[in-house]
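A quick write-up on the structure given underneath.
Sequence lines set the chain letters: A, B, ... in the order given, protein chains first and strands last, and positions in each chain run from 1.
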Amino acid sequence: MQILSEQEIQRRQKRQQLIEMGIEPYPAEAFPVNVSAKDILKNYTRNKTEYKDISIAGRLMSIRISGAASFAELQDESGRIQLYIARDEICPTEDKTLYNVVFKKLIDIGDFVGVKGYVFTTQTGEITIHVTSLKLLAKSLKPLPIVKQQKDTQGNIKTYDAVTDAEFKYRQRYADLVVTPDAKQVFIKRTKIINAMRNFFNSHGYLEVETPILQPIPGGASARPFVTHHNALDIPLYLRIANELYLKRLIVGGFDGVYEFAKDFRNEGMDRNHNPEFTVLEIYVAYKDYFWMMDFTERLLEHVALEVLGDTKFVVGEHTIEIKRPFPRISIYEAIRLHTGIDISLMNEEELRETCQKLGVKVEATMGKGKLIDAIFGEKCEHYYIQPTFIIDYPVEMSPLCKRHRRNPQLTERFELFINGKEIANAYSELNDPIDQRERFEEQMRLMERGDDEAMYIDYDFLRALEYGMPPTAGMGIGIDRLTMLLTNQPSIQDVLFFPQMRPEKTIQAASHAEYLALGIREELIPLLQKIGFLTIESLREASPNKILNDLGIVRKKLKLENLRLPTKEEIESWLKK
RNA sequence: GAUUCCGUAGCUCAGCAGGUAGAGCAUUACACUUUUAAUGUAAGGGUCCUGGGUUCGAAUCCCAGCGGGAUCACCA
């Protein structure tokens, strides 16, 4: 049994009352809609004749009753518009039930209604729908948070009582979306970002593809995977941590440009930058190198910013960022030298470890050369790159899937794009020498044996694919969640995911009346027991009979039920024995 | 995983040198035919996150747990 608040009980009673009056609170038939709130607000003043016979549906978000005429606000997907409801308009005959009872008493904030009527402007100058008929489309049983907004004389919107409880917003996004227009805008932009990218890729003739999410070997990145099990095959399967190796197989197969917006899964810590599942765009283009990909990435981001924001400049936190081609390019060694004064380019693992210690960068025994360099860069350099900057030419140890640098075999042809101090994109000239690739995998195996639980597994099928020959290829990945955070100025990944992962809620299921009765509890005592907190049989069993008796006495007095016969201690003990 | 802050009505929040639980909106009732977050009058609504402890007495102090946020660690 659900535990209901006073308002929830009232709404259930209203629902029942509607049914008894012959009004279906959840009608099956479609309601024809021929206009949106936004359309009316935008175009009515210029084109009044078009809005003489309109039909619109949405949620009631405020109701102001004043006698025989009332105002309400209807919210549809596009926004809110005011309704004017006059009793004698919606009830032209003697029977005023629809207005006096259904509208005034039985309809609540949050209910879906459909209205027909015509648009006019009130004396206070607000574009309003004069309602001539009103129909309940769906009853809402749970009260929404009440968020109010006021426009000041400059047209700025002031919000009162906005939902601030992060837990409420993330767990009950459906309710947050109803009452927080800004939240909705973030998600609309997210989709626009993806659409803009997709259009950009398609206009280049690249093919959108789908590759396995359930993988026998979790490859293409360094991360701890989620493991599941396939019953029929009786094998473990992993939720993908990346799709890189599959997309490259497709390049082997003769597609010259493939991309995928992929959900990846990593079984690691969660914070405002990390959710266990997240979205990554990866794209691979044959016969290109990382220089081409840098240029391509610049153009892509410029395109996305213009499509989504209409501008290449935007504000993130305290910074204004500008997507301005070309972005500066700086090698990782140079970046480290610049920000620490130390040249690490010729150091071995031991020297790097000492350098880390000197710089106060935390290290672990399992870290190899690649991770050590990454640690220094992450701690000492990353946050300086606010404006878009390519960090290039990473050491080979950090990049097991990346082609060696054409002039220096200790380096790779790799870039990462940093914006606002965070990595936004990662790209390579892809390693296509199967012998080198095999050796790099083997190096990863050695790291794994040292205890690096994020080192890559060897994917022999991928090696086999490379052995058939893969053309020179440039590949690039962008974290869509991070990019969305950037372009919508949201500080937390949870704000750009509809349903961020949360610890499961503990729901208390209250015992049913039958369960109380089964213990021999008199029916009249059940509400009292619930009132004093014994909502489950289990909680009752754990309590002492004396406490139950005491509390019942208190609540009886409080509810002024002096005529109610309290149970004896023996009676209570008899319940607890059953 | 560590540190730290928070958890009071449907929502936003007060309340803490321990002494009967508060406000605004929302809800209910009555009045009102053009209102602009907030008409007037009245009423109802709470396991003060949970469990222990200290105390004559705990929303308030102490301990533990649960949930969430922030910082850090790992990573994208």
Side-chain angles (χ1 to χ4, degrees), chain A residues 3-11 13-14 61-73 82-89 99 105 108-110 120-126 128 130 142-152 157-171 175 179 221-224 241-242 264 266-280 362 364 367 371 374-375 378-379 416 422-426 453-454 477-483 485 491-494 502-506 508 530-535 539 542 551 555:
Chain A
I3 302 155
L4 297 174
S5 71
E6 189 190 28
Q7 289 188 51
E8 289 172 302
I9 292 164
Q10 278 167 3
R11 289 190 177 207
Q13 287 165 350
K14 290 176 180 185
M61 296 305 288
S62 79
I63 300 171
R64 298 186 293 276
I65 292 169
S66 66
S70 305
F71 288 91
E73 273 183 297
Q82 180 167 267
L83 306 180
Y84 172 70
I85 300 163
R87 183 188 61 204
D88 299 338
E89 295 272 346
Y99 183 80
K105 306 285 181 197
D108 288 297
I109 290 173
F120 75 114
T121 308
T122 63
Q123 285 172 8
T124 47
E126 177 147 353
T128 300
H130 192 121
K142 204 168 173 59
L144 287 164
I146 302 295
V147 178
K148 300 216 169 179
Q149 296 189 321
Q150 183 187 31
K151 250 188 218 162
D152 66 16
I157 292 173
K158 247 179 116 177
T159 302
Y160 298 83
D161 300 340
V163 176
T164 52
D165 179 0
E167 188 168 359
F168 181 93
K169 289 170 78 74
Y170 302 148
R171 284 197 198 277
V179 301
S222 307
R224 287 204 299 272
I241 56 175
D264 288 348
R266 297 189 184 173
N267 203 344
E268 290 167 346
M270 291 163 61
D271 58 33
R272 67 165 177 207
N273 288 309
H274 301 266
N275 193 66
E277 58 181 292
F278 60 104
T279 306
V280 173
K362 270 192 205 154
E364 282 168 40
M367 288 166 99
K371 283 208 163 186
D374 202 24
E379 193 140 325
E416 290 192 318
K422 301 197 177 80
E423 184 197 331
I424 291 295
N426 182 21
D453 54 3
E454 286 172 350
I478 292 183
I480 296 297
D481 312 287
R482 299 263 172 101
L483 181 64
M485 287 164 66
S492 168
I493 197 170
Q494 292 166 304
M502 302 283 277
R503 253 200 186 78
E505 266 180 288
K506 270 190 305 196
I508 324 158
Q530 289 173 333
K531 189 88 188 165
I532 59 178
F534 295 108
L535 293 166
S539 68
E542 286 166 3
D551 290 357
V555 75

[X] [atom1] - [N] [atom2] separation (whole Å):
X        : N     : atom1 : atom2 : result
A:Glu126 : B:U34 : CD    : P     : 15 Å
A:Arg64  : B:A37 : CZ    : P     : 8 Å
A:Ile9   : B:G44 : CD1   : C1'   : 12 Å
A:Tyr160 : B:G24 : OH    : P     : 16 Å
A:Glu73  : B:A37 : CD    : P     : 10 Å

**Asked** Distance between the C1' atoms of B:U8 and B:G24, in whole angstroms?
**Response**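 Looking at atom C1' only, B:U8 and B:G24 are 15 Å apart.
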Among [options], which nucleotide has an atom closest to any side-chain atom of [X]?
X        : options             : value
A:Gln10  : B:U27, B:G44, B:U28 : B:U27
A:Ser66  : B:U33, B:U35, B:C25 : B:U33
A:Lys148 : B:A37, B:U33, B:G10 : B:A37

**Asked** With a 4.5 Å heavy-atom cut-off, do A:Met485 and A:Arg272 have their side chains touching?
**Response**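 A side-chain contact is absent here, since even the closest heavy-atom pair is not under 4.5 Å.
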**Prompt:** Can you check whether A:Thr279 reaches A:Asp481 side chain to side chain, under 4.5 Å on heavy atoms?
**Reply:**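 Contact flag for A:Thr279/A:Asp481 side chains = yes.
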Could you pull out the protein-nucleic contacts involving nucleotides 68-72 of chain B (nitrogen or oxygen on both sides, under 3.5 Å)?
from, atom 1, to, atom 2, distance (Å)
B:G68, OP1, A:Arg171, NH2, 3.4
B:G68, OP1, A:Arg503, N, 3.2
B:G68, OP2, A:Arg503, NH1, 3.3
B:G68, O4', A:Glu167, OE1, 3.2
B:G69, OP1, A:Gln494, OE1, 3.2
B:G69, OP1, A:Gln494, NE2, 2.8
B:U71, OP1, A:Arg272, NH1, 2.7
B:U71, OP1, A:Arg272, NH2, 2.6
B:U71, OP2, A:Arg272, NH1, 3.3

**Prompt:** Taking OP1 and OP2 of B:U12, is either one under 4.0 Å from a side-chain nitrogen or oxygen of A:Thr159?
**Reply:**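 False: A:Thr159 side-chain N/O out of range (4.0 Å or more) of B:U12 OP1/OP2.
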**Request:** Check whether any side-chain nitrogen or oxygen of A:Lys169 sits under 4.0 Å from OP1 or OP2 of B:C11, and answer yes or no.
**Result:**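 For B:C11, OP1/OP2 do not have a side-chain N/O of A:Lys169 under 4.0 Å.
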**Message:** In terms of relative ring orientation, are A:Tyr84 and A:Phe120 parallel, tilted or perpendicular, with 30° and 60° separating the classes?
**Reply:**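 It falls in the perpendicular class, over 60°.
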Could you tell me the Watson-Crick or G-U partner of [N], where both distances fall under 3.5 Å? Say none if there is no partner.
N     : answer
B:U71 : B:A2
B:G44 : none
B:A37 : none

**Contact nearer the 5' end of RNA chain B, comparing A:Arg11 with A:Ala69** =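 That would be A:Arg11.
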**Message:** If you assign A:Glu379 and A:Ile146 each to the RNA chain B nucleotide with the nearest heavy atom, which residue ends up on the more 5' nucleotide?
**Reply:**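 Whichever sits nearer the 5' end wins; that is A:Ile146.
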**Asked** For B:A70, is chi within 90° of 0 (syn) or not (anti)?
**Response**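 It is anti.
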**Prompt:** Taking atom CG of A:Asp165 and atom CZ of A:Arg171, what is their separation to the nearest 0.5 Å?
**Reply:**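 If I round to the nearest 0.5 Å, the distance is 10.0 Å.
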